[in-house]
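Structure first, then comments.
Worth knowing before you read on, the calculation uses all heavy atoms, side chains too, and leaves out hydrogens, waters and symmetry mates.
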Amino acid sequence: MEGSNQTKVTEFIIVGFPNTQKINKFLFFLLLLIYLFTIVGNLLVFTVIRTDPRLYTPMYFFVSVLSFLEVWYTATTIPKMLSNLLSEKKRISFAGCLLQTYFFHALGASECYLLTAMAYDRYLAICDPLRYPSIMNPKTCAKLATGCWICGFMCPVSEVILVSRLPFCGPNKIEHIFCDFPPLLSLACTDTSINVLVDFAVNAFIILVTFLFIMISYIRIIHSVLKIRTAEGRKKAFSTCASHLIVVFLFFGSIIFMYVRLKTSYSLDYDRAFAVIYAVLTPLVNPIIYSLRNKEILKAIRRRIQLKSSVRSPLH
């Protein structure tokens with residue numbers, strides 16, 4: 001009865017950032033402010049695009065889908081992070097930890113595919129403008145967006161199933177700011193080399209393949225843009241891609257470091273820092289990048305504000 005001396009772990013303790021007890025309340029209000037801004041900003045971009053007929057184009061359609069995705073992406077981790085900052089126990093059930101990990105990776109993978117679809121849209125618009133309207137019609141855009149979500153939600157299934165079958169009988173402290181595969185695997189009471197290999201293969205395929213497709217698209221875009229004779233034309237073409245590229249490098253730069261590696265030991269401080277970038281900061285800057293850098297969205301927001309003001313104003 002060797003297994004009788006082992007206690008099965010039914011819940012985990014999320015350590016978060018250690019040695020921050022004195023500033024936890026400050027961190028709570030800072031994170032809450034960031035979360036509220038992220039939710040309001042992304043919902044504003046989504047609502048404006050979906051309700052303004054002038055923005056019914058493939059490019060803005062994908063931006064609205066990305067904004068909608070970011071709302072759910074942040075909802076998988078930040079609310080629990082907020083409660084942990086005010087709670088001494090910082091507990092999460094085993095099932096809850098697996099669900100958080102699954103949805104975080106599913107939505108993250110969906111974002112990788114969606115950013116790839118957005119790069120493909122820009123490639124067609126700039127490199128093949130004559131065929132662009134017929135190829136990127138509303139039906140094709142809807143199919144691409146749906147495919148991104150379906151593929152994203154299928155990707156982490158094998159990883160979650162493998163982790164759910166691992167025995168957890170020792171330490172239950174997750175040295176991270178939320179539940180994730182690497183810190184979970186480090187707590188298992190058995191060899192996790194298969195899990196690490198599967199985790200690496202799945203993440204490498206999703207992240208590196210999508211990033212490669214995005215880079216190929218932009219290499220071709222840059223090549224085409226440089227052929228444009230007028231400086232005004234080149235500037236206009238580059239401006240439509242700049243926002244997307246900023247998001248791509250910010251998001252992919254952090255997740256490549258975090259997930260494309262074949263090892264079980266890792267630098268906890270670096271992992272926490274990069275987790276903040278792709279789980280908190282990227283969803284925060286998306287509405288800023290896509291609204292403040294985009295004249296059409298800014299105009300649509302102004303039109304919406306003016307419309308509401310005229311409706312509320314009393315009749316004279």
Side-chain angles (χ1 to χ4, degrees), residues 42 45-46 49-50 55-70 72-73 105-155 202-228 233-256 259-260 278 282-283 285-287 289-291 293-294 296-297:
N42 280 294
V45 172
F46 174 79
I49 292 174
R50 302 305 294 168
L55 299 180
Y56 287 176
T57 64
M59 182 180 76
Y60 292 116
F61 168 78
F62 287 118
V63 171
S64 71
V65 175
L66 178 64
S67 295
F68 181 74
L69 186 149
E70 294 289 26
W72 295 104
Y73 182 68
H105 278 261
L107 290 163
S110 299
E111 182 162 347
C112 289
Y113 291 125
L114 186 59
L115 290 172
T116 308
M118 293 171 76
Y120 177 66
D121 170 69
R122 291 298 84 207
Y123 161 73
L124 285 177
I126 294 172
C127 301
D128 199 358
L130 295 177
R131 296 175 59 218
Y132 176 70
S134 61
I135 296 174
M136 294 302 290
N137 54 62
K139 191 175 181 180
T140 302
C141 293
K143 286 181 178 179
L144 280 172
T146 303
C148 292
W149 283 82
I150 292 173
C151 291
F153 274 75
M154 288 176 63
C155 286
V202 171
N203 289 323
F205 175 80
I206 298 169
I207 297 169
L208 296 182
V209 170
T210 54
F211 186 67
L212 178 63
F213 273 107
I214 292 170
M215 289 299 99
I216 290 173
S217 297
Y218 274 102
I219 288 170
R220 293 185 175 183
I221 287 170
I222 292 169
H223 181 71
S224 296
V225 170
L226 292 176
K227 291 182 179 179
I228 300 174
R234 288 194 298 269
K235 184 179 178 181
K236 185 178 180 180
F238 274 126
S239 66
T240 62
C241 303
S243 300
H244 183 244
L245 270 178
I246 293 170
V247 173
V248 165
F249 283 118
L250 187 62
F251 181 70
F252 278 93
S254 54
I255 63 173
I256 286 173
Y259 295 109
V260 186
Y278 62 76
T282 302
V285 300
N286 277 358
I289 291 171
Y290 283 118
S291 59
R293 288 181 53 85
N294 191 293
E296 293 301 317
I297 292 181

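Scanning both residues, Arg122 and Tyr218, for their nearest heavy atoms gives CG-OH, 4.1 Å. Residue Ile49 comes nearest to Tyr56 through the heavy atom pair O-CE2, 3.5 Å, listed as atom of the first residue, atom of the second, then distance. Pairing each heavy atom of Cys127 with each of Ser224, the nearest pair is SG-OG, 3.2 Å. Pairing each heavy atom of Ala117 with each of Cys148, the nearest pair is CB-SG, 4.1 Å.
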Show your reasoning for whether side-chain contact (heavy atoms from CB on, under 4.5 Å) applies to Phe46 and Val65.
CA-CA 7 Å; Phe46 174 79; Val65 175; over 6 Å; no
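In this structure, CG on Leu245 lies 12.0 Å from CG on Leu250, to the nearest 0.5 angstrom. For the atom pair OG1 (Thr116) and CD1 (Ile216), the distance works out to 11.0 Å, reported to the nearest 0.5 Å. Going from atom CZ of Phe251 over to atom OG1 of Thr210 covers 8.5 Å, rounded to the nearest 0.5 Å. The CD1 atom of Ile221 sits 9.0 Å away from atom CG of Leu124, with the distance rounded to the nearest 0.5 Å. Separation of atoms CG (Asn42) and CG (Leu69) is listed at 9.5 Å; rounding is to 0.5 Å. Between atom CD1 of residue Ile206 and atom SG of residue Cys155 there is a gap of 3.5 Å, rounded to the nearest 0.5 Å.
Residues forming a ring-ring contact (aromatic ring centres under 6.0 Å, His included) with Phe213 (at least two apart in sequence, or on another chain): none. Residues that satisfy the side chain to side chain donor-acceptor pair (under 3.5 Å) test with Glu70, not counting sequence neighbours, are Asn286. In terms of the side chain to side chain donor-acceptor pair (under 3.5 Å) criterion, Thr146 has no residue partners (sequence neighbours excluded).
Using cut-offs of 30° and 60° for the angle between ring planes, the Phe252 and Phe211 rings count as tilted. Between Trp72 and Phe68, the ring planes lie perpendicular to each other; the angle is over 60°, past the 30° to 60° tilted range.
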Would you give me the side-chain donor-acceptor pairs under 3.5 Å for residues 57-64, sequence neighbours excluded?
unit_1: Tyr60; atom_1: OH; unit_2: Asn294; atom_2: OD1; d: 3.0
unit_1: Tyr60; atom_1: OH; unit_2: Asn294; atom_2: ND2; d: 3.2
unit_1: Ser64; atom_1: OG; unit_2: Phe61; atom_2: O; d: 2.5

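Among pairs with a residue in residues 135-145, those fulfilling side-chain hydrogen bond (donor to acceptor under 3.5 Å, both in side chains) read Asn137-Thr140, at least two apart in sequence or across chains. For the ring pair (Phe, Tyr, Trp, His ring centres under 6.0 Å) condition, the pairs that include at least one residue of residues 105-138, sequence neighbours left out, are His105-Phe181, His105-Tyr259.
Although no hydrogens or angles enter the test, the distance criterion places no donor-acceptor pair under 3.5 Å between the side chain of Asp121 and the main chain of Met136.
No more than 12 heavy-atom neighbours from other residues, nucleotides or ligands sit within 6.0 angstrom of CZ on Phe205. In this structure, Met154 places its CE atom where only 12 or fewer heavy-atom neighbours from other residues, nucleotides or ligands lie under 6.0 Å away.
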